[in-house]
Amino acid sequence: MYREQTILLNNYDNINTLNFVLLTVFPILLFFILFFKCKILKKNEFNEDAFGINDAKALQVFAAFGILIHHLSGASTNYGDVFKGPITVMSFVGILFTSIFFFFSGFGLIRSYESKENYLDGFVRSKFMAVFVPFMITNLLYVLIGLSQGRITDALSFFTSVFGITLINTNAWFIVEILILYIAFYLIFKNIKTEKYKIPALSLVAFLMTLTGFLLKHDYTRINGHWFRGEWWFNTTMIFVLGLIFGKNRDVIFEFLKKNYSKLLPANFALLILSAIFESYARNNMSYYVETYTYYGYPEKLVTYISQTIFCVLFITFTMLILMKVKFGNRILKFLSVYTFEIYLIQDICMLNYGYDEQAPDWLLFAVIIIATVGCAILLKVILKFVNDRINSFIDRKYEDENLTIEKRARYKNDVTIVKGFILFYALMAAGLVISAFTQIKITYHENSSVIEQVEAIKGSEQFDEVSFGYFDTDSFTDGNETLVWYVIAKEDNKALLLMKDSLYPYAYNKTFEETTYKDSDIRDIVINEVCYEVINNTARKYLVDDSVTGDKVFLLSEEEVRKYDIPADVLMSKPTKDAKEFTGILIDKHNKNAYWWLRNDGLTINASVVDSNGNVNSSAEEVSRTRFAIRPAIWVNLN
């Protein structure tokens, strides 16, 4: 038996090693595609066309696939929590690839403005529409994805997603920012007459976008797609300004780099390595995720942001130094550069089912998704070309040209009909957006009034009575949020302790099997952030009071509190919500259909307490890393 187990373990290790090695092929292949058949210049020779359109296209292909591999690596390793060889590093370097996009966006704008006569006259059509139309068309595809995933559960979310006001496509945040910057660029450079004020004004817009994202918390709603909610919305935006400055002063900077190249290259490389160490330390020890319901974590976010900004700036300058000595060019780059934008837009759809087949090795999933992404990007290009051709016919009014043949005029009139169909569709969507927005306002007003009534009802309740408080979508198959039901556990000093009647989704007390306190546990992060934001609606949250022991507004009951308030078994027994039962691996008793749920351990523990399906407390019975026990939140409600 021992020999058989040893053979199995050795086979498992061999499979893992092979998987790690094959995963490493993907970033190597990425660099191979970029540098294949490139020309490396000799000493004292420099690429005089560096940073031009060819370099921009080559690096944008590199960045688009880099972001795809970054996302695949993040999904495979849970963003670094699970080590899978060198590919794990790709989970942390997405900011470098987005920096490339932002840099060349700023650089390209300013260079085109200064080199092309009357550049602004055709700007809206050539730049803005070229991004806006694909953004709107692909949003329709992602709306279907959002509906299938259960992320869109109400009419307002549907219509806001159609227009990109909320984003089902997680990568579209970059498109939103670029569109905002394009609009700002056009308005500023069109209306400000003094040249020296134009770039500072556009830089101010980029800074305000960065500040907005920095000040806001992450998005903990079900749709998880609200603008500027997440560090990816702001941690590389200012690289756009670097591109503007570099583009404005390209020739002066180029000459400076040439004269000091032998010193700058090693110095920049050394600083890049040091900045990578600083960024890694800040990300692991500070991070953007220290925030709670009551704490925004600005000091930690600021240190992390500074570390990542330094890292990205040094990466861009190092890239510029490399471009001065390299001339890119091969058929693969030329072919893929046509589809860079589409690859970026469509990759989320191709990644949708990633990890569902746990038997398939990661390297195979990587290969399939990358190939599928390229194929879908080619198809998307065809669709977008069809749409753009119809729009151009509509704008140019080609059907009015009397010199055209009858057949061509008829075809152009047909194009106009198609475009009018699109306009009608989006007009109906806009009407739906307005109606659903007003409906949501009415619902919110009703909920606000209802919460006030609920608090009044809690005042008149007795211990262990069932009461209503707040709203939550516990069943994705019904339309709208359901009223939450709680047990009144105790009343003290004009406040009431409530325990939710049903159990929510399961989660590990702590992801790793090691001693932990509740304060430092992974489950607390979920309870004070996701559970708090998802379960308690805005109006109800205003009535929450900090728990005197945990300091949190939403928390888990402890074993001591169960005894203190003498909670009976019928109150401790809890059935899961419909969503928890249907879509998760929650542990449910097959006889009484009740869930097992976690209690809070205030001291250091490696085995946490749970309540079983019969309402019995099992002290320190389960390993903290077990994942099938439910979350059952408790809250203190202010009754004043």
For the student: nearest non-hydrogen atoms of S468 and W486, plus distance
C-CD1, 4.5 Å
V611 and V562: side chain to side chain contact (heavy atoms under 4.5 Å, CB included), yes or no, with the steps?
CA-CA 10 Å; V611 175; V562 170; 5.5 Å; no
Say whether E231 and Y289, considering side chains only, have a donor N or O and an acceptor N or O under 3.5 Å apart.
yes
side-chain contact (heavy atoms from CB on, under 4.5 Å) partners of P86, counting only residues at least two apart:
T24
So, are K459 and E456 salt-bridged, with charged N and O less than 4.0 Å apart?
yes
Do L557 and L499 come within less than 4.5 Å of each other through their side chains, counting heavy atoms only?
yes
Using 0.5 Å steps for rounding, measure from the OG1 atom of T627 to the CG atom of N510.
12.5 Å
Tell me, do F469 and L544 make a side-chain contact under 4.5 Å, heavy atoms counted?
yes
Verdict with supporting geometry, M573 and D570, side chain to side chain contact (heavy atoms under 4.5 Å, CB included)
CA-CA 5 Å; M573 287 189 289; D570 61 331; 4.2 Å; yes
Would you check if Y296 and L215 make a side-chain contact, meaning some heavy-atom pair closer than 4.5 Å?
no
Does some side-chain heavy atom of V549 sit less than 4.5 Å from a side-chain heavy atom of F555?
no
Backbone N/O of T517 and side chain of D520: donor-acceptor pair under 3.5 Å
no
Reported NZ-to-CG distance for the pair K491 and L497, which is rounded to 0.5 angstrom
12.0 Å
Which atom names give the shortest non-hydrogen contact between L556 and Y518, and what distance separates them?
N-OH, 3.5 Å
Could you tell me if S73 and S91 have a donor-acceptor pair between their side chains, going purely by distance under 3.5 Å?
yes
Side chains of T88 and T77: do they bring a donor and an acceptor to under 3.5 Å?
no
Pair E279 + R283: basic N to acidic O under 4.0 Å
yes
Does a sphere of radius 6.0 Å around OH in Y445 hold more than 12 heavy atoms from other residues, nucleotides or ligands, not counting ones at 6.0 Å or beyond?
no
Under a 3.5 Å distance rule, please check whether W598 uses its side chain to pair with a backbone N or O of Y507 as donor and acceptor.
yes
Give the ring-plane orientation class for H70 versus Y79, where under 30° counts as parallel, over 60° as perpendicular and anything between as tilted.
perpendicular
Please find out if less than 6.0 Å separates the ring center of Y298 from that of F214.
yes
Treating D219 as the side-chain partner and H226 as the backbone partner, does any N or O pair qualify as donor plus acceptor under 3.5 Å?
yes
Would you please indicate yes or no on a ring centroid separation below 6.0 angstrom for Y487 and Y565?
no
Hey, can you tell me if F366 and F26 have their rings parallel, tilted or perpendicular (30° and 60° cut-offs)?
tilted
Just by distance, do the side chain of N284 and the backbone of S280 share a donor-acceptor pair under 3.5 Å?
yes
Would you call N139 and V162 a side-chain contact if the rule is heavy atoms closer than 4.5 Å?
no
Under 3.5 Å donor-acceptor, D612 side chain and N616 backbone:
yes
List the atom of K217, the atom of R229, and the distance in Å for their closest heavy-atom pair.
O-NE, 2.7 Å
Side chains of Y543 and I458 in contact at under 4.5 Å (non-hydrogen atoms)
no
Determine whether R626 and Y596 make a side-chain contact, defined as any pair of heavy atoms from C-beta on separated by less than 4.5 Å.
no
Side chain to side chain contact (heavy atoms under 4.5 Å, CB included) evaluation trace for N592 with N614:
CA-CA 8 Å; N592 58 28; N614 295 313; 3.1 Å; yes
Supply the atom-to-atom distance M90 CE to K84 NZ, rounded to the nearest 0.5 angstrom.
15.5 Å
Would you check if the side chain of S574 reaches a backbone N or O of K501 as a donor-acceptor pair within less than 3.5 Å?
yes
NZ-CG distance between K553 and D546, expressed to the nearest 0.5 angstrom
3.5 Å
Exercise: do S161 and T166 side chains pair donor with acceptor under 3.5 Å:
yes
Taking C-beta and beyond as the side chain, do I87 and P27 meet within less than 4.5 Å on heavy atoms?
yes
Distance from E622 atom CD to I606 atom CD1, nearest 0.5 Å?
13.0 Å
Applying the ring-ring contact (aromatic ring centres under 6.0 Å, His included) criterion to Y288, which one of Y305, W233, F234 satisfies it?
F234
Could you note down all residue pairs passing side-chain hydrogen bond (donor to acceptor under 3.5 Å, both in side chains) where residues 629-640 supplies at least one of them, sequence neighbours left out?
D547-W636
So, taking the atom named CD1 in I168 and the one named OG1 in T138, what distance separates them when rounded to the nearest 0.5 Å?
12.0 Å
Taking every heavy atom of I586 against every heavy atom of A630, the minimum-distance pair comes out as CD1-CB, 3.4 Å
Would you please say whether a donor-acceptor pair under 3.5 Å links the side chains of D348 and T170?
yes
Any donor-acceptor pair under 3.5 Å linking the side chain of W173 with the backbone of F228?
no
Looking at Q308 and T236, would you say the former's side chain and the latter's main chain have a donor-acceptor pair under 3.5 Å?
no
Just by distance, do the side chain of T512 and the backbone of E514 share a donor-acceptor pair under 3.5 Å?
no
Dump the intermediate steps for side chain to side chain contact (heavy atoms under 4.5 Å, CB included) on V485 and D502, then the final yes or no.
CA-CA 8 Å; V485 179; D502 295 331; over 6 Å; no
So, S613 side chain and N594 main chain: donor-acceptor pair closer than 3.5 Å or not?
no
Might you point out which heavy atoms bring L68 and Q347 nearest each other, and give the distance in Å?
CA-OE1, 3.3 Å
Heavy-atom closest pair, residues V93 and F97
O-CD1, 3.5 Å
The residue among I631, V624, I528 that forms side chain to side chain contact (heavy atoms under 4.5 Å, CB included) with I523 is I631
